[in-house]
Novice: 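My structure is below; once you've seen it, I'll send some questions.
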There are 2 protein chains.
Amino acid sequence: MEKEVTIYDIAKQLNLSPATVSRALNDHPSINSNTKELITAKAAELGYRSNAFASNLRRQRTNTIGVIVPRLNSHFVSSVLSGMEKVANERGYNLIISQSQESVKKEKASAKTMFNGRVDGLLVSLAYDTEELDHLDVFIKKGIPLLFFDRVSTHTKATSVVIDNVKAGYDATAHLIEQGCQRIMHVTGNLKRNVYTDRLKGYKLALIDHNLPYDESLLMITDMSREAGIDVAQQISNMYNKPDGLFITNDLCAVSCMAALKKESFRIPQDIAVVGFNDDPVAQVIEPNLTTIHYPGEEMGEIAAQSLINHLNGLVNIQTTNTIVLHFELVVRESSVRTTG
Amino acid sequence: MEKEVTIYDIAKQLNLSPATVSRALNDHPSINSNTKELITAKAAELGYRSNAFASNLRRQRTNTIGVIVPRLNSHFVSSVLSGMEKVANERGYNLIISQSQESVKKEKASAKTMFNGRVDGLLVSLAYDTEELDHLDVFIKKGIPLLFFDRVSTHTKATSVVIDNVKAGYDATAHLIEQGCQRIMHVTGNLKRNVYTDRLKGYKLALIDHNLPYDESLLMITDMSREAGIDVAQQISNMYNKPDGLFITNDLCAVSCMAALKKESFRIPQDIAVVGFNDDPVAQVIEPNLTTIHYPGEEMGEIAAQSLINHLNGLVNIQTTNTIVLHFELVVRESSVRTTG
DNA sequence: AAAATTTGTGCAACCGATTGCAATTTCAAA
DNA sequence: TTTGAAATTGCAATCGGTTGCACAAATTTT
């Protein structure tokens with residue numbers, strides 16, 4: 001185990017001051033370019049590696065971005081993280097990732113860790129039932145930039161990166177209506193979260209625009225799990241006045257629901273047309289393939305990270321840009337297409 | 001933006017030395033318990049938060065673990081990460097996660113970042129085509145513990161966490177044979193990676209044990225992508241002497257292959273029985289449901305993190321425990337079960 | 001040739017916590 | 001009361017870069 005090389009070692013060998021070495025290594029303009037070359041060469045020769053802590057300690061920043069997600073093992077989240085990692089890495093930032101496991105309590109704990117870890121900025125997608133945001137307010141109070149993505153908050157003045165969930169909900173519903181559906185059931189998640197309320201809004205607007213009544217008994221709030229999907233199928237099966245369209249705001253849930261419906265010998269899309277949300281890989285595996293909203297996870301991650309880093313570097317002010325809205329796409333597949341209305 | 005509270009502030013207010021405050025906050029035994037109470041109370045009152053950098057700088061450790069994975073957006077990997085995060089978080093460690101995107105080059109860059117970031121330990125699952133391990137050797141040279149999981153290396157003396165891939169390959173193949181398959185095709189990935197060579201070994205052993213010939217034309221090396229699955233189906237379709245069993249070491253690939261085969265009107269499992277690997281969610285969506293090897297991702301992550309942290313805390317020596325083998329399970333579903341051989 | 005700039009380096013004080021060793025206090029045993 | 005050990009606490013150096021300011025050298029301007 002060799003001992004570490006420091007700028008002092010380099011300075012001594014070259015008969016320079018550590019200050020000069022430090023500046024040279026950081027490409028400071030006031031250092032002569034010959035000196036710089038000399039120093040970088042020597043640094044390479046000695047196998048010098050910068051000590052991030054010393055630097056962080058002195059500069060009071062960490063080059064680290066905290067990320068809090070509801071859970072790690074979902075296709076969408078991991079795509080987002082992949083995008084974030086890509087960008088962060090390119091720009092010299094590290095990512096510290098933590099999952100709330102959909103619990104406020106864990107979310108608070110994670111926030112605290114990030115806070116103590118003195119992340120330079122924080123990227124958050126809220127847990128299922130988070131309401132108060134005190135645990136995140138501390139960041140704002142300390143001037144640590146905070147950016148929400150996907151599951152965002154309306155309360156604070158933090159920037160958000162989202163898709164237009166209202167429009168997505170509208171498009172999904174309108175598509176079903178165009179396919180001749182008259183009674184469209186909407187299965188969604190906790191309405192505390194923007195993604196779900198917004199999609200519901202879109203659903204309602206589409207109904208209105210097409211002169212269809214809004215029937216509260218066709219709205220189901222669930223936890224969007226596989227079990228929930230099966231449960232929904234069961235309920236539909238027991239209904240007297242069955243729906244002929246189904247808009248479920250999560251592909252995994254939609255897929256398990258479809259499987260259950262098929263077991264009950266519903267024909268999809270003839271008896272009931274289905275639209276999901278997220279464009280999870282399973283959407284292209286289920287038969288019939290699931291129509292869904294394609295949701296740019298990777299891109300969302302890239303943009304969220306990009307924005308935060310730009311803000312940190314003083315290029316853009318996050319406080320002014322309040323919401324970044326990304327494009328989504330309705331991907332029509334067999335689960336919703338009726339040859340004849 | 002309030003200024004940070006330091007141990008000096010606490011010390012001054014209580015007329016104590018920073019040394020005492022530091023010790024008290026770390027629950028050092030030689031500090032009087034009354035003093036400790038006094039200090040912790042004051043710290044809470046002032047909203048003190050420890051500065052990790054100062055501490056890291058002084059103690060020369062970061063309480064951070066680096067993780068390098070081939071890619072983030074795969075079900076298996078995100079399960080592993082979820083497990084790692086859980087454990088690391090409980091034990092006061094942070095995770096810095098980076099993806100190699102299956103490229104050695106990126107893997108090297110990530111390793112360097114981790115190295116400079118002075119992670120306390122490193123958890124690695126190798127990229128597709130990594131051969132030399134110089135970029136990881138530096139860690140060992142510096143005495144930074146290195147632990148491989150899943151895609152492990154045979155060269156170094158680092159500990160590995162894996163499943164018994166030989167046995168898994170054997171079981172999958174034997175299962176197909178028991179179902180009456182005589183010509184089993186094996187689709188797998190780059191044989192530089194243990195997971196694939198081992199599964200191939202198992203495949204071969206099962207053939208031998210059941211007196212079946214090993215036919216090289218039934219082995220296909222692919223990149224395990226969806227496209228590869230479609231390609232395999234195409235090739236099978238063009239074969240004169242078609243296989244009646246298919247063992248694909250990745251569910252996503254298996255599923256796309258199945259879909260393509262179905263289009264060519266192969267009946268599964270009657271014409272060709274299929275076994276996958278990983279127990280990805282899609283395995284339960286495809287019809288018929290895919291028989292596969294259930295692979296404990298979350299657990300693998302937990303154990304890998306656990307072992308590394310235990311080593312860091314001097315509880316166990318990682319260098320002596322060389323390989324940790326986890327259980328796997330063959331989950332039999334419809335894709336492989338033939339009512340009559 | 002003197003004065004005013006510009007350029008390039010160094011000094012030394014940070015950043016905040018940790019820790020070996022010394023110093024002081026406390027308390028019991030002699 | 002003295003002595004010695006044990007329990008507490010403090011001193012001061014250290015971890016390795018960073019940066020405001022001073023200063024010297026080189027260059028340009030009068």
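Residue numbers start from 1 in every chain, and the chains themselves are labelled A, B, ... in the order their sequence lines are given, proteins ahead of strands. What's counted below: heavy atoms across the whole structure, side chains too, no hydrogens, waters or symmetry copies.
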Novice: Output the rounded distance in Å from CD1 (B:I7) to C1' (D:dA12).
Specialist: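 To the nearest whole Å, that distance equals 13 Å.
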
Novice: From CD1 of B:I31 over to P of D:dA6, roughly how many Å is that when rounded to an integer?
Specialist: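 Whole-Å distance recorded here is 18 Å.
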
Novice: Counting the atoms with a prime plus P, OP1 and OP2 as sugar-phosphate, which does B:N56 contact under 4.0 Å by heavy atoms, base, sugar-phosphate, or nothing?
Specialist: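 Contact class for B:N56: none.
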
Novice: What is the distance from CD of B:E37 to P of D:dT8, rounded to the nearest Å?
Specialist: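 Nearest whole value for this atom pair: 13 Å.
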
Novice: Between A:L25 and B:K36, which has a closest nucleotide on DNA chain D that is more 5'?
Specialist: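 So the residue in question is B:K36.
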
Novice: Whole angstrom is fine here: how far is it from CG in A:N15 over to C1' in C:dG10?
Specialist: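 It works out to 12 Å between those atoms.
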
Novice: Determine whether the side chains of A:R91 and A:Q306 contain a donor N or O and an acceptor N or O closer than 3.5 Å.
Specialist: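 Checked: A:R91/A:Q306 side chains pair up, N/O donor to acceptor below 3.5 Å.
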
Novice: Give me the ring orientation class for B:F139 and B:F115: parallel if the planes are under 30° apart, tilted from 30 to 60°, perpendicular past 60°.
Specialist: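 Taking B:F115 first and then B:F139, their aromatic rings stand perpendicular (interplane angle over 60°).
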
Novice: Does this structure show an ion pair linking B:K42 with B:E37, if we count only N-O contacts that are shorter than 4.0 Å?
Specialist: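 Salt bridge flag = no for B:E37 with B:K42.
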
Novice: Only one of A:T40, A:D9, A:L25 passes side chain to side chain contact (heavy atoms under 4.5 Å, CB included) with A:Y48; say which it is.
Specialist: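 Checked A:T40, A:D9, A:L25 against A:Y48; only one passes side chain to side chain contact (heavy atoms under 4.5 Å, CB included): A:L25.
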
Novice: Just checking, is any N or O donor in the side chain of A:T62 or A:D120 under 3.5 Å from an acceptor N or O on the other one?
Specialist: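 Result is yes, a qualifying pair exists.
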
Novice: Which whole-number value in Å describes the distance from B:K12 NZ to D:dG10 C1'?
Specialist: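 One finds 16 Å between C1' of D:dG10 and NZ of B:K12, rounded.
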
Novice: Rounding to an integer number of Å, can you tell me how far B:H28 NE2 sits from C:dA17 C1'?
Specialist: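 Whole-Å distance recorded here is 15 Å.
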
Novice: Does OP1 or OP2 of D:dT8 have a side-chain N or O of B:T35 closer than 4.0 Å?
Specialist: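 No, outside the criterion.
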
Novice: Identify which one of A:E107, A:R193, A:E102 satisfies the side chain to side chain contact (heavy atoms under 4.5 Å, CB included) criterion when paired with A:P70.
Specialist: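 One option only clears the test, and that one is A:E102.
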
Novice: Rounded to the nearest Å, what distance is computed from the CD atom of residue A:E4 to the C1' atom of nucleotide D:dG17?
Specialist: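 For the pair A:E4 CD and D:dG17 C1', the rounded distance is 14 Å.
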
Novice: I'd like a list of close polar pairs between nucleotides 11-15 of chain C and the protein, N/O only, cut-off under 3.5 Å.
Specialist:
unit_1	atom_1	unit_2	atom_2	d
C:dC14	O2	A:R58	NH1	2.6
C:dC15	O3'	A:Q60	NE2	3.3

Novice: Rounded to the nearest angstrom, tell me the gap between atom CG in A:N32 and atom P in C:dG10.
Specialist: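 Distance check: A:N32 CG to C:dG10 P gives 12 Å.
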
Novice: Does a side-chain N or O from B:S30 land closer than 4.0 Å to OP1 or OP2 of D:dT9, or not?
Specialist: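 Result: no.
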
Novice: Say you draw a straight line from NE2 of B:H28 to OG1 of B:T20; how long is it, rounded to the nearest 0.5 Å?
Specialist: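 Reported value, rounded in 0.5 Å steps: 10.0 Å.
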
